Amino acid sequence: KDGVLRIGTEGDAPKFSMADPSGNVTGFDADIANGICAELKLKCEFVVQTFSSLVPSMDSDRFDVIISGLGITAERQKKIDYSIPYATTPLYFVVAKDSPLAGLKSLPEIEKAIEGKSVGVATGTTYAKFIEKRMPGVELKTYDAVTQQTADLASGRIDVAFGDSPTWMDFLATPDGANFAKIDVRIMAMDAPDVLGHGMGIGMRKGNTELKAKVDAALCKMVDDGKVKEASMQWFQDDYTIPCKK
Amino acid sequence: MLAEFWILMVERGWALALLRGSAVTIAIGLLGMFLGFVVATPLAVLRWQKVAVVSQLVDSYSIVVRGVPGLLVIYLLFFGSVDMVKTVATAFGYQDSVDNAYPYIVGVIAIAAISCAYSIEVIRGALQAVPYGLLEAAKSLALPTGITFSRITFPLALRLALGGINNVWQMTIKDTSLISVIGLQELMRTAAIGAGITRSPFIFYCIAAALFFGMTAVSQTLFSRAERALNRGFGAR
Amino acid sequence: MNLDIVTYAIPFLLVGAKTTLLIALFGIVLGFPFGIVVGLGRGSKNRVLRNICDSYCAIFRGTPMLVQIFIIYYGLAQVSFIRHNPVLWWLIGEGLNAAILAVVLNTGAYTAEIFRTAFLSLPKGLIEAAEACGMSPWHVFTRVKFPLALRQALPAYSSEAAIVVKESSLASTITVLEITGYAKRLMSETFAIMDIFIITAALYLAMNVVALTALKLLERRLSFVR
Amino acid sequence: MNEVLKVHELTKAFGSTNVLDGISFRMKEGEVISLIGSSGCGKSTALRCINFLETPTSGQIEFLGQEISVSCNKRGESEIVNASYIRAFRQRIGMVFQNFNLWPHRTVLGNVTVALVYALKMTRKEAEEVALSALSKVGMASFRDRYPHQLSGGQQQRVAFARVLAMRPKLMLCDEPTSALDPELVGEVLKVIRTLAEEGATILLVTHEMRFARDVSNRMIFLQEGRLEQDDTPEELLRNPATEGVKRFLSNVMPASAQRRLATTTTIKG
Amino acid sequence: MNEVLKVHELTKAFGSTNVLDGISFRMKEGEVISLIGSSGCGKSTALRCINFLETPTSGQIEFLGQEISVSCNKRGESEIVNASYIRAFRQRIGMVFQNFNLWPHRTVLGNVTVALVYALKMTRKEAEEVALSALSKVGMASFRDRYPHQLSGGQQQRVAFARVLAMRPKLMLCDEPTSALDPELVGEVLKVIRTLAEEGATILLVTHEMRFARDVSNRMIFLQEGRLEQDDTPEELLRNPATEGVKRFLSNVMPASAQRRLATTTTIKG
Ligand SMILES: Nc1ncnc2c1ncn2[C@@H]1O[C@H](COP(=O)(O)OP(=O)(O)OP(=O)(O)O)[C@@H](O)[C@H]1O
Ligand SMILES: Nc1ncnc2c1ncn2[C@@H]1O[C@H](COP(=O)(O)OP(=O)(O)OP(=O)(O)O)[C@@H](O)[C@H]1O
Ligand SMILES: [Mg+2]
Ligand SMILES: [Mg+2]
């Protein structure tokens, strides 16, 4: 549609994409979206949809792009096109404070210690795939929502939770989270690009090269300008930006 | 807990959103149930009468629709038709209204299609259980077919079907949550969003459950009243 | 549809299908008698029992099953008494057990309603004939009331069986990897939403066609008048 | 007098057993015929075939000049010719069922008025008047607001009779209309049937009470295992049983005293 | 002879209408009593109260020395004392229903065996033998594998009778057990009842056929509007009606000839 960029987003992902009661979307994804719109001189129009209908909806032209913290993987690229990656979140393991795992210092140590333990991750994420591939000896449990994952962590059904940094920031601050701690090993997409992908990108219909060129340019500009960093600092108190490769 | 509740619901305005969601749920649930029932009745009659071919078609419809997840019905109805509808609408210059209204229309149709499949079985079962002699009595008195149905068969069958219809209704009102996949913010989806971004799933889901419970409590009293009315003449038990 | 995705997805989904079948089977096998007992309770002369059964049905039919399964799995897990009671913890600690429990409780409520009306509509004289023979309440039930009620309830109950198969998909929200659990994973891995969804639906349909056809045959076998 | 009903070679089989085996008889206006025979000989089935509640296997039924015939096609299925007449038949043929078949969800009055309003297109007021007069003929007017399950067996039977009576059918098929009635009421029903016949109705009734049959009917038809064995005036049939079957049936029917009287007459004739 | 049944001041009201109004009578072993009276006088209700299918409003029933009594409490509800006896009562009291109540999902044989197997704890084989002998007594053995809806009215009634017969109850309550039967079969049933009584069973039966009642019973009880008007031997009751009600009822009951005979006897006595 003329003069409007329609953006599909989940709306129920804390810090990334949050639809408030009146339907406005805020969060990191929303800031990126607004930035892109500003660059392209278009009006942003958000369409909030459940994750499972985002892709089919975009295919049937309910909106033009998906900005919902989508991780870029080779597998997914068969189905949709991605913009350049613009950010990536560091991943952490979380365990009980008194667990022997709490003091581990490197990924190989963790990989060894975690054998036979039950690990919770969010369903269908790149990091779920990561655990599955790299640590086949664990008992993997998948959750639809982070709140469910942390609830099971708190009730002791899982020994270890694995997820992105923003999640843990929130959880560790709650009363439930007080007994838990991050293992101080920061895992980034670049550590295992084959499974963890290449960071977050904006999803577009396959073959829409014109739009992709425009969005890529706009994103690159935002990265270079520090707009992405600004948003990242605001929501995550950390800089998750991936530099734009020209 | 209470303070948190107050902040979320009133200050951050979630109460209103949940009520809006309830309104969508009730509207689509009622419309879907009503449409489904209206269509199911004649189909169930055809099935009951074992009308050749039609009866097999009705059977297949009911088996397939009851057999697949409701989500698929909605997916196929919506994503299978939206492109075409959009092209047509754009050609006539109604793109905006179609963009906004179409999901609702499909939502109602999908819910109706599902509840219809369930209603068919309920009504058919009830029709089969009506003692045949009572219908023969109507036949022998030369009551017109329509009257036989509306005055004798249907009231007698309805009494037997009421429990099943109540079940279908309770299921339908909750099935409305499926329409969230085509972008409608009904009660469950609103609760899910609230639960996700405020990280208070317990509060949101409990409120949603309470709202659903409220709706069905109202409908339950109506059903109980209908049951009493329909049981007149069968003796207290 | 993309053949690669189909061949990739089907092995996973078949593994899931086993779990789905397990949940549905247990759900039906336990939920059916349970529902009938509750249905009888709702028609009982004892006020307290009747009210308990009525409330149970109202609650489990009146609220979304998603919420029920959440409360059973996540909600109850927060109660430390339950966490420390081995029997209770066995029941809800394991995702699979909790899912079966939720399915049984849910289908029980619906089954109860179906059978309550079926029992209510039995011709009074037929039951009196059994009672007049001095048959024990149990035998009056198993030889007369139940066989007659079953025939009337079967069409409506067949729907309930199909619903159980489908609702077992909610187990995926509490970490149980049944069909839908795998499907969700595959969908976000590949983004081939429609393709995977259709395969998934086909699996559910296959199971339900078997279940519904079996029940239809049973219904035909049991029918005695016209 | 006009011919009202002509039954020709009526046959009915359930599966492989023939229940009716080529029955033929005729009824004139104002005639009352009793159908007698032992239990299970096909009396109810015959009545049910006449208004096509049961589809005959073959045969013809002519009612007031309209004919419906049934023939067996090659695949062994019954084919009805002129099925469209069935409604018309039923509008003028009333049937009192052996087991009453009152509608449980309607009051006594409601049971009687429905057909008046919807089949005969009376207004509700007219219908109620007609219904009440029919009900009072069988002594049931004061029960107008009861539901069937609140009635005794005999009361239900009388309502079922009134339901048909109120329709003023040209032909009335009564399947044991007095089985649950005490002798006093049987007498009342007998009176009602006589009046009806005088007013031009034709009545075919199944009964086990020989006395009632003899008192009320112009002719008696005896069925045995689906065959029509005798069709005669009551006097003739009682006096001159045509076959062994009739003779044996009658020998059990009549009480000792009556048998003696019958025996005398027959010996005189023989 | 032992007393089998004692009914004392049995009262039953539906809502505000009294259907039974303080009925009392006794039955000895081997006795056959006919309950007569016009339609709706409370005969079926009386039978149903005796085995508590209907809860009486008040009164006592004593069966083989065990007593169940019903009294009206302050809130106007009926309270049964010794309700736990009811099962025991029913196991030894058989009931033939006015409308048969055969179980539609069971074959003829199945209908008869169920109670034998589950109430009397016979083995299946024993039960089938007993059932078949009961069925053949009423001429229904060859229909053993039919379902009730495949039977004629009279056939159903005979199965219902056999179902109770097979249980060899101490007391049999029969609600018009011959209403759908032809006179030949009535005679058969009469024989069966006589044999039963000789073997020590006690039979309380409701019937409209005065001749049958007179032939089969030791005593007749006449009910009118829920009151017991006369309890006498058949001869006495027929010859000497105690009240106007009985007299009027009988005047309609007897056919012209019988009436004449009755009239002669009464005039002689008068
Ligand atoms: N549930 C009820 N509510 C109100 N009245 C009833 C109910 N059941 C029976 N009655 C009335 O009680 C009276 C006695 O009924 P009952 O069935 O005992 O009669 P009956 O002597 O067996 O008559 P019949 O010979 O016609 O079978 C009847 O007048 C009937 O209308
Ligand atoms: N659906 C059926 N299937 C098989 N046989 C049947 C069916 N209905 C009736 N019959 C048989 O047909 C015969 C005639 O039945 P019908 O009801 O006409 O007898 P009837 O003369 O009315 O006897 P009654 O005086 O006992 O009522 C009976 O022997 C019965 O067993
Ligand atoms: Mg008959
Ligand atoms: Mg009676």
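All values below come from the heavy atoms of this structure, side chains included, with hydrogens, waters and symmetry mates left out. These numbers were taken from a predicted model, which means no experiment stands behind them. To find a chain, count down the sequence lines: A is the first, B the second, and so on, and within it residues start at 1.
- Look at C/E189 and A/K129 and you find a salt bridge, because one of the NZ, NE, NH1 or NH2 atoms lies within 4.0 Å of a carboxylate O, short of that distance.
- When all heavy atoms of C/K184 and A/D144 are compared, the closest pair comes out as NZ-OD2, 2.6 Å.
- With a 4.5 Å cut-off on non-hydrogen atoms, A/A74 does not touch chain C at all.
- Around atom NZ of A/K214, no more than 12 heavy atoms belonging to other residues, nucleotides or ligands sit under 6.0 Å away.
- Contacts of C/Y182 with chain A are absent, with no heavy-atom separation under 4.5 Å from either backbone or side chain.
- Here the shortest heavy-atom pairing between A/K79 and C/T190 reads CB-O, 3.6 Å.
- Side-chain contact between A/S155 and C/Q78: absent, with no pair of heavy atoms (C-beta onward) separated by less than 4.5 Å.
- The two atoms that bring C/F70 and A/Q148 nearest to each other are CZ-NE2, 3.0 Å, heavy atoms only.
- Considering every non-hydrogen atom in both C/S188 and A/G124, the closest pair reads OG-CA, 2.9 Å.
- The number of heavy-atom neighbours closer than 6.0 Å to CZ of A/F236, taken from other residues, nucleotides and ligands shown, is above 12.
- Residue A/T142 touches chain C through both its backbone and its side chain, counting heavy-atom pairs closer than 4.5 Å.
- With a threshold of 4.5 angstrom between heavy atoms, C/I174 does not approach chain A through any atom at all.
- To the nearest 0.5 Å, atom OG of residue A/S57 and atom CD1 of residue C/I193 are 10.0 Å apart.
- Smallest separation of non-hydrogen atoms from A/R76 and C/F191: NE-CE1, 3.4 Å.
- When heavy atoms are compared at a cutoff of 4.5 Å, C/I82 does not approach chain A at all.
- Within the 4.5 Å cutoff, the side chain of C/R83 has no heavy atoms near those of the A/R157 side chain.
- Contacts between A/L70 and chain C at a heavy-atom distance below 4.5 Å involve the side chain alone, from C-beta outward.
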For residues 46-54 of chain C, please give each side-chain donor-acceptor pair under 3.5 Å, one per line with the distance, not counting sequence neighbours.
{"from": "C/N46", "atom 1": "OD1", "to": "C/V48", "atom 2": "N", "distance (Å)": "2.9"}
{"from": "C/N46", "atom 1": "OD1", "to": "C/L49", "atom 2": "N", "distance (Å)": "3.3"}
{"from": "C/R50", "atom 1": "NH1", "to": "C/S44", "atom 2": "O", "distance (Å)": "3.3"}
{"from": "C/N51", "atom 1": "ND2", "to": "C/R47", "atom 2": "O", "distance (Å)": "3.4"}
{"from": "C/D54", "atom 1": "OD1", "to": "C/R42", "atom 2": "NE", "distance (Å)": "2.6"}
{"from": "C/D54", "atom 1": "OD1", "to": "C/R42", "atom 2": "NH2", "distance (Å)": "3.4"}

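- The number of heavy atoms from other shown groups lying within 6.0 Å of NZ (A/K206) is above 12.
- Rounding to the nearest 0.5 Å places OG1 of C/T175 at 11.5 Å from CD of A/Q149.
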